[in-house]
Amino acid sequence: MGCMVSQLAAKFAFFPPSPPTYQIKKRDDGKFTVVSSSSPSMPIIQYDDNSLDVLLIDTKRGYKIVAFYLRNPLARLTLLYSHGNAADLGQLYDLFVQLKVNLRVNLVGYDYSGYGASAGKPSESNTYADIEAVYECLETEYGVSQEDLILYGQSVGSGPTLHLAAKLPRLRGIVLHSAILSGLRVLCHVKFTFCFDIYKNINKIEKVKCPVLVIHGTEDDIVNVLHGNGLWKMARESYVPLWIKGGGHCNLELYPDYIRHLRRFIQEMENITTEIRLKKIRQSQFLLQTRSTVTANRCCRIKVRQPKWPHCSRPSCIKCSWRPRCLECWKPSCSRECWRPRCGECPSCPECWRLRCNRCCWRPKWPKCLRLGCCMKCFRWLCCVGTHSVG
């Protein structure tokens, strides 16, 4: 049932441009070129542009998707761009060229299955397979390692971006542009994640181990700025966010702060050496191990609260759920189902197991005056004046 609802939600979540804005044609030299769909004789890119590679990539779901690889000879890092809804590579080519030059990066963009000239149908699982195929192509064809890769996800593209980021622990960084917490949360404010929800970024952001830059417009009427704010707060390593005042959902690139802040982020990621990244990864792993050790040492491994002995309200467990300790010597004093003190300094009667302690907190109290006192021989209560009580 959840799968059927998820497929139904996908039909309302993806809006590929129809018809596509570009087509792929094969040249005489065997390479591919891009032409406009409205004017097939008019190329979108120049034939002599050697900095662009048009790729056809096979995904594990059996589809061929189109990708653009824009090369920058001065680049040290590569940006993997996952675009938003209702757009394809033909519309984004000019933006890719500007980002490549201004950010001084190699940039690869791709069309999801069913978008542009890519085969297949758009769905959540297909977009995951698409970005995985593009990343494998970068590794095998261009020798790009995850240490030199920055993922960029816009709107719906934040879903496949975080999906891949959760699997790559040594990524250089991530940019979330008008990102979503989940597909259902875009339509309505819900506090729980349902099984039929799509792009559950709220569950994946905590698995990301690299710096995360969040960019969002304060006047976004499609994806509320609360989505970006929520992802920024939940990220392990949050970079200084960019909240563009007055920015909408599809116009953030027009603001000067956008390219300025993004350039600063890229430069800082370039300055992070491999040694620094490995040091941060080791520190994060050490913190996780420390947290797991503390959790394991808690009473009965329960994270909610540690049970306490009701008389002195002190932590009282080592292995069992309610093992009280002596207030002075702090030795375990309970066995199985009873409250018998068993510390060396607080002996108990071997016949009746009644409390016989003079020094620790297990000294019984007279129920009338609630004062401490016990007779070591007959174990009769002592009243407040120091005489034996009746019975």
Side-chain angles (χ1 to χ4, degrees), residues 6 9 13 79-82 84-85 124 127-128 131 146 149-220 222-245 247 249 252 258 261-262 264-266 268-269 272 277 280-292 294-295 303-304:
S6 180
L79 188 72
L80 175 51
Y81 193 106
S82 300
N85 210 346
E124 180 185 11
T127 57
Y128 294 158
I131 193 171
Q146 57 179 293
L149 184 64
I150 295 178
L151 302 184
Y152 189 111
Q154 179 189 11
S155 188
V156 171
S158 61
T161 294
L162 287 175
H163 168 78
L164 182 62
K167 296 184 176 183
L168 303 178
R170 299 188 304 275
L171 274 176
R172 188 60 67 98
I174 294 180
V175 181
L176 297 178
H177 175 168
S178 302
I180 63 176
L181 287 169
S182 71
L184 185 60
R185 286 175 171 84
V186 177
L187 303 177
C188 55
H189 297 285
V190 292
K191 296 184 178 180
F192 304 98
T193 301
F194 297 91
C195 61
F196 54 83
D197 201 353
I198 63 174
Y199 294 131
K200 303 169 187 177
N201 296 338
I202 191 173
N203 298 336
K204 297 179 181 179
I205 185 64
E206 296 178 349
K207 301 177 182 179
V208 177
K209 301 178 181 179
C210 62
V212 178
L213 167 62
V214 176
I215 302 175
H216 216 110
T218 59
E219 301 299 328
D220 193 330
I222 297 178
V223 179
N224 193 280
V225 69
L226 295 177
H227 288 250
N229 189 38
L231 292 172
W232 175 69
K233 289 182 178 179
M234 288 184 290
R236 285 187 180 183
E237 190 175 350
S238 299
Y239 188 79
V240 180
L242 176 61
W243 314 118
I244 299 181
K245 187 176 181 180
H249 189 70
L252 300 186
Y258 167 80
H261 198 82
L262 192 55
R264 185 183 305 117
F265 175 74
I266 298 295
E268 292 190 19
M269 294 303 102
I272 296 180
R277 288 292 302 138
K280 289 186 177 181
I281 293 173
R282 293 192 191 101
Q283 290 177 350
S284 62
Q285 290 177 348
F286 175 76
L287 291 176
L288 289 176
Q289 292 176 359
T290 304
R291 291 175 183 175
S292 62
V294 172
T295 302
K303 298 181 180 180
V304 180

Heavy-atom donor-acceptor pair, Asp197 side chain to Leu184 backbone, under 3.5 Å: yes
Side-chain heavy-atom pair Leu252, Leu242 within 4.5 angstrom cut-off: no
Heavy-atom pair with the smallest gap, counting every atom of Ser158 and Leu176: CB-CD2, 4.1 Å
Reported OG1-to-NE2 distance for the pair Thr127 and His163, which is rounded to 0.5 angstrom: 8.0 Å
Partner set under side-chain contact (heavy atoms from CB on, under 4.5 Å) for Ala166, not counting sequence neighbours: Lys207
Tell me which donor-acceptor pairs under 3.5 Å the side chains of residues 225-234 have, and how far apart each pair is, sequence neighbours excluded?
| residue | atom | partner | partner atom | Å |
| --- | --- | --- | --- | --- |
| His227 | ND1 | Leu181 | N | 3.0 |
| His227 | NE2 | Arg185 | O | 3.2 |
| Trp232 | NE1 | Tyr239 | O | 3.1 |

Arg172 side-chain N/O to Leu149 backbone N/O, donor-acceptor pair under 3.5 Å: no
Set of side-chain hydrogen bond (donor to acceptor under 3.5 Å, both in side chains) partners for Lys200, sequence neighbours left out: none
Partner set under salt bridge (Lys or Arg N to Asp or Glu O under 4.0 Å) for Lys167, not counting sequence neighbours: Glu132
Residues forming a side-chain hydrogen bond (donor to acceptor under 3.5 Å, both in side chains) with His249, sequence neighbours excluded: Ser155, Asp220
Counterpart residues, side-chain hydrogen bond (donor to acceptor under 3.5 Å, both in side chains), relative to Tyr152 (two or more places apart): His177, Tyr258
Beyond-backbone contact of Ile174 with Cys210, side-chain heavy atoms, under 4.5 angstrom: yes
Student check: side-chain heavy atoms of Lys204 and Tyr199 closer than 4.5 Å: no
Closest non-hydrogen atom pair, Glu206 against Arg236: O-NE, 2.9 Å
